Each structure stands twice: as structure tokens, then as C-alpha cells.
Amino acid sequence: MRPEIAGLLREDLRGRQPYGAPQLDVPVRLNTNENSYAVPEDVVAAIVEEVRAVAAHLNRYPDREFTTLREALAAYLRAQTGVAVEADQVWAGNGSNEVLLHLVQAFGGVGRTALGFTPAYSMHPIITRTTGTTWVDGLRGTPTGVFDLDSDLAVAQVRRHRPQIIFLCSPNNPTGTALDLDVVRAVLQQAPESLVVVDEAYAEFARPGTPSAMTLLAGHPLLVVTRTMSKAFALAGARVGYLAADPDLVDALRLVRMPYHLSDPTQAVALAAIRHDASLLATVEAVKRQRDDLVDKLGALGFPPVPSDANFVLFGGLADERTTWQALLERGVLVRDVGIRHHLRVTAGTPDESEAFLLALGDLPDSHRQLPAPAGNEQAREGAPA
Ligand code: PMP
């Protein structure tokens, strides 16, 4: 970086790394947890029709309050979770990343602290820091499981750091397991004056009987549940994420969003997709079957998988995850190194993609396998993105 640019850059951003999941053109891309199934033809046709209808009016700004989209998202959430959500409880942005940014812009800032439990979604700290908010890397891990977060561990860290914002992620990325709602309840009780954000980007893939934190919205005005159309809806390219919360909290987000942040084409694409949700969400069951199959087969191959409620699986048993990541890439399979020693994360794709991944993994020499090691080896790598 030119010294005059580095010199003027905000001090707290100097030396930081941007989000950087590799975007490589390889035959099997299983590294960013997209939905591997293409948008079905009937939905493509509906999207084209909706976008066509707004095209002639692009000389005008879009509906700043995206009212129709909010109503449609509220109806979807009511149907999906059984929780009585109204349009004034819904907010949306260009991906749930932007929705998270709005939350941190409104409730974080210099002198305030956000706490997350690592390893979790690597963008939580990056988004937090863009607003000058202090990020605290809390810990997961209990005697019952290295990646579990239990109520006592969460509450102890909340008590210690007294954060204004607390990030929970369920199902958790990159580990895959959904959070017990008792943990959310315990955190809400311990921190009644903090914003508690439950990131449910992968909620639709959860195993049967996994309740959403949306069921806790009533009576908790500082609880926010974020969702996205990038995963189950197979619309990562459209950039639409949303949240449900108290109407007053949603109203506060209007103070920080840029005017007209959701373009007319974006609103049109999202609406067409929600109107065809049955067709789009039909892939969810297929992805879940692939996920469960991956869990079984990884276990059988001797690479212990972490139980998954998402569209990806974290697996261990690797001597050196960086070497295995590279070896898989050379075999045309891109997975994700999430910075956890001896582990890699793989997205559950189509049956052909899963097969290609399992074949490539099974084909690797034994030198890729971790030798039995003393306990306590599963920490994040020094300086690696979690
Ligand atoms: N939350 C989690 C846990 C994620 O894994 C992702 C994407 N990988 C997001 C939020 C953001 O997704 P988007 O901005 O596409 O909605």
C-alpha cells in the first residue's frame, strides 16, 4: 500500500485483512456455502417478469421502505417458524451482511464492545470493526464438545466483558451445529440491556425439532434474528438478507441505512423468489440429505464430522489442513480452510459434487491423516480467519 494511503487509513484498520474466501474457477466449488442447485426455470421466468415490470421506472428511486417486500418476508417467516411476525418487525438489506452492518452502525460505535464466540462467522468481527466498535473474541468449548457453547460459558463471558452487542450464530458457521435455545435465554437474562443478535443464516437446513430464536422475540425488545435468501433460497447472487425484531428497533435502523439502499431490481427479484418459495425451497431437503450423507461418509472414511444443522460439514482428522486444502484443489475440489487446526469445512452440494469431493478425499495418501495426538489440539490457528 502506498505510504500516503497507509498513513491516512484509520489506525484501527491498518494491517487488517479483508474478507477473502477464494473465488476460483474450479469444477467443484464447495467453499462458500451457497446452494449448489441453480434457480429453477419457473422462478427464473418469474424473476425476469418482475424485473421487466420495474425496468421502465428505474428513472425513479425505489420504495425506500420496501413495504411489499417486508410484508412478503413477514408472511414467509410466519409460515416457516409459526411466530406471529408483522411487516413492521422486518428489515432487509443487500445480504444479511448489510443488515448486520446496520445493527452495528446503530448500536455499536467507538467506546462500545461486541462479543462473539469463536469460531463463528468470520464477518461478525470484520463488520463490527468497520464502525470502530471493539470486538471481543469470546470462546466456545466445554468438556462435552470442543465447539459447543453452553449457557455457563456464554454467561460468564457476557458478565466479564459487559458488551453492548452479543453475536450468537445458530446453526453456527463454521462448526455447523445449532445452538440450544437455553443458551440464548441465558444470555438474554444476563444482558437485558444488550443487543442480542442471533444469526440464523442457515436456519432452514436445521435438523427436525430445532426451534428458531424467533420464538423468543416476544418480550425481548433487544433480540434480533437475522436470516438470508443466500442459502436455502439459492439467491446468493441477488444479495438479500433480512431480520426480525421489535418494531422500534427496526425503526432505529432507518437512521443508519443509506436512502433507497434496496434497488428496485433487488426488491423485484426477492419478491418473485418469495412468491415461488415452494419451488426454490424444494432443494433444501435434497441438500439436507447430502449433508447427512456427507456426515456418514466422512465418519466412515475416518475424518470425524461435527454434527451439522447447516448446508455444510466441518470435519477433522487432518494432519495439516492447509496441505489437504491444496491437495483437494489440485483435484478440482475447492473447500474452505476456516483456520481451525486439523479441520476443513465442505459445503453440501449436489450428489455429483459430494461424490467428487469424497473421491478426492478418499484418494489422498495416508500422510494427510492426523496421527493420534494429545487432547486440546483443536484451537484456531494463530492469526487465521475463523
Ligand atoms: N451469516 C452467516 C453465518 C453466514 O455464513 C453468511 C454467509 N456465508 C452470512 C451471514 C451472510 O450472508 P449474506 O450476506 O449473503 O446474506
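Just so you know, these numbers come straight off a predicted model, no measurement behind them. Hydrogens, waters and symmetry mates play no part in the numbers below; they use all other heavy atoms, side chains included. Indexing begins at 1, ligand by ligand and atom by atom, following the structure's order.
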Check: About how many Å separate CG of L280 and CD1 of I274, when rounded to the nearest 0.5 Å?
Finding: 10.0 Å
Notebook entry, point to check: Hydrophobic cluster mates of L361, side-chain heavy atoms under 4.5 angstrom, ILVMFWY only, any path?
Noted result: L24, V26, V28, L30, L294, V295, L298, L301, F303, V313, F315, L318, W325, L328, L329, V333, L334, V335, L344, V346, F357, L358, L364
Item checked: With R257 via salt bridge (Lys or Arg N to Asp or Glu O under 4.0 Å) - residues at least two apart -> E65
Note to self: At less than 4.0 angstrom from any atom of ligand 1, which residues have a non-hydrogen atom? List them by chain and residue number.
What the structure shows: G95, S96, N97, Y121, C169, N173, D199, A201, Y202, T228, S230, K231, R239
Next item on the list: Please identify each residue that fulfils side-chain contact (heavy atoms from CB on, under 4.5 Å) with E49, with sequence neighbours left out.
Entry: none
Checklist line | R14 side-chain N/O to L9 backbone N/O, donor-acceptor pair under 3.5 Å | finding: yes
Margin query: Under a 3.5 Å threshold, yes or no: a donor from one side chain and an acceptor from the other, between S170 and E200?
Written below: no
